[in-house]
Amino acid sequence: MSTTAPADALLEGLNEPQRQAVLHGDGPLLVLAGAGSGKTRVLTHRIAHLIRSGRAHPGEILAITFTNKAAEEMRERVERLVGDRATRRMWVMTFHAACARILRAHAERLGYKRGFTIYDEDDSLRLVKRCIEELDFDPKRFTPRAIKRQISDAKNDLRDPEAYRQGVGSFFEQTVAEVYELYERRIVEMNAMDFDDLLVRCVNLLELFEDVRAGYRRTFKHVLVDEYQDTNRAQYRLLRLIAGEHRNLCVVGDDDQSIYSFRGADIRNILEFEEDFPDATVVKLEQNYRSTQTILDAANAVIANNRGRKSKSLWSDLGRGEPVHIRELEDEFAEARFVVGEIERLVDEGASRDEIAVFYRTNAQSRVLEEVLVRYDVGYQVVGGRKFYERKEIRDAIAYLTFIANPSDAIAFQRIAGSPKRGIGETTQQRIIGHAETVGEQVWEIAARPELVPGLGGAAVKAVSRFMSIMERLRERAEGGARIADLLEETLHEVGYIEALQAERTIEAEGRLENLEQLVESARQYDASTDEPTLDGYLESISLRADTDDLRDDAGVVTLMTLHSAKGLEYPIVFIIGCEDGVFPSSRAIEAGDLEEERRLCYVGLTRAQRVLYLTHARTRLRHGEREWNQPSRFLAEIPPELTDAEEELVPARAAASRWGAPSPAAAPARPRPREEGVSFQIGDDVVHATFGEGVVTGKEPGGIVIVRFPGEGEKKLMEDYAPLKKVS
DNA sequence: TTTATTTGATTTTTT
DNA sequence: ATCAAATAAA
């Protein structure tokens with residue numbers, strides 16, 4: 001397309017509401033975009049139109065997405081419409097990337113230094129744990145994960161430690177408040193930020209400094225946001241700070257596809273947009289260009305069971321197509337065999353494997369399926385799961401560079417000091433970090449002079465100095481402007497990482513070496529493709545990178561992923577496995593009575609399918625090493641039977657209890673079900689034993705063991721299932 | 001400090 | 001079942 005084509009050309013092939021959204025002038029705009037209704041198209045064409053019609057310069061546009069992949073795709077598509085020269089100065093990036101960029105420019109204002117580290121989930125979890133221990137709380141009673149969650153929720157809600165303390169209502173929250181306070185202090189000391197901080201501190205920056213705020217308000221005359229239903233409080237605040245004045249804010253989203261509330265996404269942001277901006281123009285995109293009407297009817301019927309949503313009904317002119325295939329299988333193996341069998345049948349009939357995707361609720365469910373796929377020699381790829389950048393060797397390698405870039409980073413130091421083994425153990429590390437904290441010096445400075453650290457033995461001092469002299473050399477090389485890839489390669493050799501792996505002589509170590517080579521290769525690409533490669537820039541680019549970004553969709557293989565990762569994608573043929581109550585919807589959601597988000601997840605899954613949709617459920621499956629019998633998912637019963645080819649009658653959840661209820665003896669396999677924990681004996685029960693006589697249950701242990709005290713015999717541990725024990729009523 | 005053994009936990013996870 | 005992390009032993 002020529003860059004001189006008239007702006008009108010951008011409207012070709014758009015339907016009426018799409019056109020309206022593209023043409024909308026100044027002021028707030030909410031685009032309610034149902035699944036597959038061409039929202040990316042609207043966004044890209046709107047941006048292009050803003051530029052073409054002369055209403056905005058590229059540098060005045062801020063376009064926000066949630067994933068790097070989406071950002072890249074959007075940039076490419078805009079580029080195709082207006083050319084790459086115009087696109088270069090545009091900010092098309094994720095919330096986090098945009099915040100990081102703003103923060104780098106003004107770090108000193110918040111007491112940070114430019115080269116601050118960005119901590120990922122793992123790093124910040126480590127720091128939380130250190131704080132818990134430092135405050136002498138028991139990390140078993142107060143797990144780092146649970147506390148981190150609270151802190152993260154608070155941050156996403158823009159509550160600082162002080163505000164959190166105000167709202168404390170339980171002993172647990174009291175503990176969290178203290179950990180939160182220390183965590184904040186420590187993370188600033190280390191010149192680091194976690195993912196949430198990027199947003200929170202960016203908001204702080206804009207709120208505290210009028211000049212900075214005014215600057216960005218002037219710069220970004222038009223702000224566009226994709227996946228608006230997934231924004232949290234902090235992101236919402238940020239948008240208001242930048243766009244609140246000129247109000248040229250265009251948000252695109254679908255409340256029915258909000259599936260990240262567990263991460264702080266606040267569905268109210270989209271539901272109440274019209275209250276926040278009473279003059280907002282609202283455009284609904286309901287025509288779907290992706291799926292058959294049958295699939296859409298099924299999805300519409302399921303989502304209709306949710307309350308509190310913007311009513312919306314997808315339609316398509318792609319015809320009715322096939323019914324939704326629903327199948328019941330005996331167990332997870334039968335299910336996997338069925339799926340693979342159907343895949344092969346469809347491929348025989350002319351489908352390509354890369355047109356097929358299998359979705360599941362939890363990552364663990366991919367295993368059985370993978371086994372069967374391997375056995376039948378069907379090529380596949382798994383999205384998510386073990387992520388490249390989360391592998392130990394990769395994280396270690398990155399941590400070496402991080403420590404060089406940020407000498408205050410105690411977490412990075414902790415990670416690398418003992419890996420590979422070089423005589424610097426846990427205790428030594430703790431002493432160094434502890435001393436750095438008391439003295440208020442950088443960890444690097446302390447570690448460089450270990451003889452001054454109290455409590456270190458001679459051997460430890462020697463090991464640390466040896467290690468740090470290597471690090472000093474590497475730092476000089478980094479400051480000398482070495483290329484990142486070279487620096488990385490040298491580091492891995494100098495510190496003995498490569499040698500240690502080679503010495504292992506295992507297949508696993510081999511794989512790790514390969515991964516490291518891949519990392520060096522990607523660093524080389526960074527060097528080549530970046531205008532001004534810097535260590536800070538490189539570290540930022542990888543810390544903000546998710547693995548799903550690298551999903552390659554061209555290889556001729558079947559794709560496996562969780563329903564969550566499936567959002568935003570589409571496949572001609574889709575299987576959703578494990579459609580059982582307890583699995584999907586998950587038992588947690590059922591217990592909490594919070595089914596709406598699970599239902600939205602179901603809606604997302606169903607609407608990924610273009611032509612063919614299979615939903616399978618198993619009568620029994622093995623989970624956490626225990627066999628479970630589950631009822632078919634209540635969501636299956638929400639699909640009108642005439643849209644499906646189900647052989648059984650699926651009864652809505654409430655009525656189902658009477659039909660399936662507890663599994664009938666006939667339905668259970670020949671082997672008796674293990675007695676359920678807590679069903680037969682409870683603490684305090686009076687019991688009688690065949691040889692010991694009467695006693696009382698005083699305790700229970702996992703694995704079906706009861707502890708019974710018999711007068712004269714003392715306490716005995718007995719196997720609940722086999723002991724000749726009866727309850728006395 | 002390193003290793004072997006036991007324990008425990010286990011949804012989803014754009015950054 | 002499985003994997004990481006805590007604990008105990010060498």
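- In this structure, A:K129 reaches the C:dA6 phosphate: one of its side-chain N or O atoms is under 4.0 Å from OP1 or OP2.
- For A:T428, a side-chain nitrogen or oxygen approaches OP1 or OP2 of B:dT1 to under 4.0 Å.
- One can place CZ of A:R600 at 18 Å from P of B:dT12, the figure rounded to the nearest angstrom.
- A cation-pi geometry, defined here as NZ or CZ lying under 6.0 Å from the six-membered ring centre and within 45° of its normal, does not hold between A:R608 and A:Y571.
- Nucleic acid contact for A:E426: sugar-phosphate only, since backbone atoms but no base atoms lie under 4.0 Å from a heavy atom of the residue.
- For DNA chain B, if you chain together Watson-Crick or G-U pairs that step i with j, i+1 with j-1 and so on, the runs of at least three with distances under 3.5 Å are B:1-10 with C:1-10.
- Among B:dT12, B:dT14, B:dT1, the nucleotide with an atom closest to any side-chain atom of A:T427 is B:dT1.
- A:I411 contributes atom CD1, which lies 7.0 Å from atom CD1 of A:I433 (distance to the nearest 0.5 angstrom).
- In the set B:dT14, B:dT1, B:dT11, the nucleotide with an atom closest to the side chain of A:T362 is B:dT11.
- As judged by a 4.0 angstrom heavy-atom cut-off over every strand, A:S586 is placed among the base-contacting residues.
- Side-chain N/O atoms of A:R145 include none lying less than 4.0 angstrom from OP1 or OP2 on B:dA9.
- Looking at the side chain of A:H624, the nearest of the listed nucleotides B:dT13, C:dA1, B:dT1 is C:dA1.
- Geometric assessment of A:R233 against the ring of A:Y236 yields a positive cation-pi assignment under the 6.0 Å and 45° thresholds.
- For the residue pair A:T231 / A:N269, a side-chain donor-acceptor distance below 3.5 Å is found, with atom types taken as modelled.
- Both A:G425 and A:F95 lie close to DNA chain B; mapped to their nearest nucleotides by heavy-atom distance, the more 5′-ward contact belongs to A:G425.
- For B:dT13, the OP1/OP2 oxygens have a side-chain nitrogen or oxygen of A:N363 closer than 4.0 Å.
- Using a 4.0 Å heavy-atom criterion, one finds that A:S543 contacts no nucleic acid atom at all.
- For A:F273 and A:Y228, the distance between ring centers is under 6.0 angstrom.
- Applying the 4.0 Å criterion to OP1 and OP2 of B:dT13, one finds that A:S565 has a side-chain N or O inside that range.
- A side-chain contact (heavy atoms from CB on, under 4.5 Å) with A:N406 is found for exactly one of A:D536, A:T117, A:L535, A:L539, namely A:T117.
- Backbone-only contact: A:R367 has heavy atoms under 4.0 Å from sugar-phosphate atoms and none from a base.
- With DNA chain B read from its 5' end, the first of the two nearest nucleotides for A:A589 and A:Q429 is the one closest to A:Q429.
- With its ring centre under 5.5 Å from that of the base six-membered ring and a plane angle below 30°, A:F262 counts as stacked on B:dT12.
- Here the nucleotide nearest the side chain of A:T562, chosen from B:dT14, B:dT12, B:dT11, is B:dT12.
- Two rings, from A:H564 and A:Y360, have their centers 6.0 Å or more apart.
- At least one test fails for A:R619 against the ring of A:W629: distance under 6.0 Å to the centre or angle within 45° of the axis.
- Within the nucleic acid shown, A:K421 comes within 4.0 Å of sugar-phosphate atoms alone, with no base atom in reach, counting heavy atoms only.
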